[in-house]
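What follows is a set of notes on a single structure, which appears directly below.
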Amino acid sequence: MRVWPALIPRLITLGWAGWAAATSWAYISGAPDHLLLVERIVHMPIWVMWAVIAAILTIGSVIPPGLRISPIGSWMRIIGMALIAAAVVLWCWGFFIADWDRGWVSAKNYGLIAVAAAASSWIAGRDRHRAVGQ
C-alpha cells in the first residue's frame, strides 16, 4: 500500500483538529453572551466540546492504515467531522438569534465553514485513495 494517499484524509482531519483546538482555546475563559444558548444545548462548556472534537479527530488521524484498529480511526475521523459540522451549525444559530442586525455576518461565515466540514467528511474516513473512474 502506498503511504501518501492514506495520509491525505489524516492530514485534512489533523488540520480540522487544529482548528477545533484553537476554537477550544479561544473560549476557555468563558462563552460570550451570544453563545450561552449553545452551551445550554450541549450541556457543557463550549471549550470542552471543542476540545473533545479535537481529541477525537487527532486520535482518529494518528491511527495508521493497515492495522486491525484502522476502521476505528476511520470512524473517529468521520464522527469528528460530523461533530464539527453540527457544532458550527449551532454557532450559526447562536449568532442569528443573538444579534439579527449584524449576527448574520458571522452566521454566514460559520455556515460556509459547516459546508466545508461536511465536504471534508466525504474523504475523512478513507484509508486509501480512490481514483476517478475506478
Side-chain angles (χ1 to χ4, degrees):
M1 173 191 336
R2 291 184 349 201
V3 174
W4 177 246
L7 284 178
I8 293 171
R10 288 164 175 78
L11 293 174
I12 290 170
T13 53
L14 276 175
W16 280 104
W19 184 81
T23 305
S24 174
W25 184 260
Y27 293 109
I28 204 161
S29 62
D33 292 341
H34 58 277
L35 294 176
L36 290 176
L37 180 61
V38 174
E39 251 187 14
R40 285 194 295 262
I41 290 171
V42 297
H43 301 291
M44 69 178 74
I46 54 177
W47 74 268
V48 172
M49 176 188 70
W50 285 110
V52 167
I53 292 170
I56 289 169
L57 285 171
T58 301
I59 294 168
S61 296
V62 299
I63 294 176
L67 301 177
R68 286 182 73 187
I69 62 169
S70 293
I72 294 171
S74 178
W75 278 107
M76 289 181 81
R77 294 189 308 272
I78 292 168
I79 290 167
M81 291 308 300
L83 288 173
I84 280 185
V88 173
V89 167
L90 287 175
W91 248 241
C92 287
W93 190 48
F95 279 101
F96 267 133
I97 289 175
D99 179 19
W100 179 253
D101 291 337
R102 292 296 302 156
W104 69 269
V105 176
S106 294
K108 68 148 176 77
N109 294 337
Y110 282 113
L112 186 58
I113 292 170
V115 170
S120 295
S121 68
W122 180 65
I123 62 166
R126 292 186 184 171
D127 275 331
R128 61 183 175 79
H129 178 69
R130 188 172 37 172
V132 176
Q134 282 188 342

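No experiment lies behind these values; they were computed from the predicted model shown.
- With rounding to the nearest 0.5 angstrom, the OG atom of Ser121 is 10.5 Å from the CD1 atom of Ile12.
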Listing, residues 38-53 side-chain donor-acceptor contacts under 3.5 Å, not counting sequence neighbours, or none:
residue : atom : partner : partner atom : Å
Glu39   : OE2  : Ile46   : N            : 3.3
His43   : ND1  : Arg40   : O            : 3.4

I'd like a table of donor-acceptor pairs (distance under 3.5 Å, sequence neighbours excluded) in which one partner is a side-chain atom from residues 84-94, with atom names and distances.
none

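- Remark: Trp16 pairs with Ser120 by the side chain to side chain donor-acceptor pair (under 3.5 Å) rule, at least two apart or across chains.
- For the atom pair CD1 of Ile59 and OG1 of Thr13, the computed distance is 12.0 Å after rounding to the nearest 0.5 Å.
- Inter-residue side-chain proximity for Leu57 and Met81 is flagged as met; some heavy-atom pair is nearer than 4.5 Å.
- In the hydrophobic cluster analysis, where Ile, Leu, Val, Met, Phe, Trp and Tyr join through side-chain heavy atoms closer than 4.5 angstrom, Trp19 is grouped together with Ile28.
- Not counting sequence neighbours, the partners of Ala21 by the side chain to side chain contact (heavy atoms under 4.5 Å, CB included) test are Ala54.
- Using modelled atom types, no side-chain atom of Arg77 and backbone atom of Ser61 make a donor-acceptor pair closer than 3.5 Å.
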Please evaluate residues Trp104 and Phe96 with respect to the criterion side-chain contact (heavy atoms from CB on, under 4.5 Å), reporting the C-alpha separation (whole Å), side-chain torsions for both, the decisive distance (0.1 Å), and the verdict. CA-CA 6 Å; Trp104 69 269; Phe96 267 133; 3.6 Å; yes
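- A donor-acceptor pair under 3.5 Å is formed between the side chain of Ser70 and the backbone N or O of Pro64.
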Which atom pairs, donor and acceptor, lie under 3.5 Å between side-chain atoms of residues 106-118 and protein residues at least two apart or in another chain?
residue : atom : partner : partner atom : Å
Asn109  : ND2  : Val105  : O            : 3.3

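- There is a path of hydrophobic side-chain contacts, each under 4.5 Å, that joins Ile56 to Ile69.
- With sequence neighbours left out, the side chain to side chain donor-acceptor pair (under 3.5 Å) criterion links Thr58 to no other residue.
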